[in-house]
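I have placed the structure first, in the form of structure tokens, so that the comments after it can refer back to it.
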Amino acid sequence: MCIGMPLDRSSKLFEKYAKLGSNTVSYSLNDYHFFYLKPLYQALLKIMKT
């Protein structure tokens, strides 16, 4: 669905067709970043500094 399509446009289409509330995808991506990617990045950065 999102191959070659900007992320914001594809997420709006997904929300529309899945009948989700507005900004559901963006909030989910933000939570994913905050809980998974940021701690992973900080752990890798700490390891690379040693």
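Using modelled atom types, no side-chain atom of Thr24 and backbone atom of Leu20 make a donor-acceptor pair closer than 3.5 Å.
Nearest heavy atom pair, residue Pro39 against residue His33, reads CD-O, 4.4 Å. Listed here is the closest heavy atom pair of Leu13 and Met5: CD1-SD, 3.8 Å. For Lys12 against Asn23, the heavy-atom pair with the smallest separation is NZ-OD1, 3.4 Å.
Contacts of Leu45 classified as side chain to side chain contact (heavy atoms under 4.5 Å, CB included), with partners at least two apart in sequence or in another chain: Tyr41, Met48, Lys49. With sequence neighbours left out, Tyr32 forms a ring-ring contact (aromatic ring centres under 6.0 Å, His included) with Tyr36.
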Self-check item: Intermediate values then yes/no, side chain to side chain contact (heavy atoms under 4.5 Å, CB included), Ser26 and Leu29
Solution: CA-CA 5 Å; Ser26 62; Leu29 288 174; 5.7 Å; no
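Residues Phe35 and Tyr27 do not share a hydrophobic cluster, defined by chaining ILVMFWY side chains whose heavy atoms lie under 4.5 Å apart.
At least one side-chain heavy atom of Ser10 sits less than 4.5 Å from a side-chain heavy atom of Leu7.
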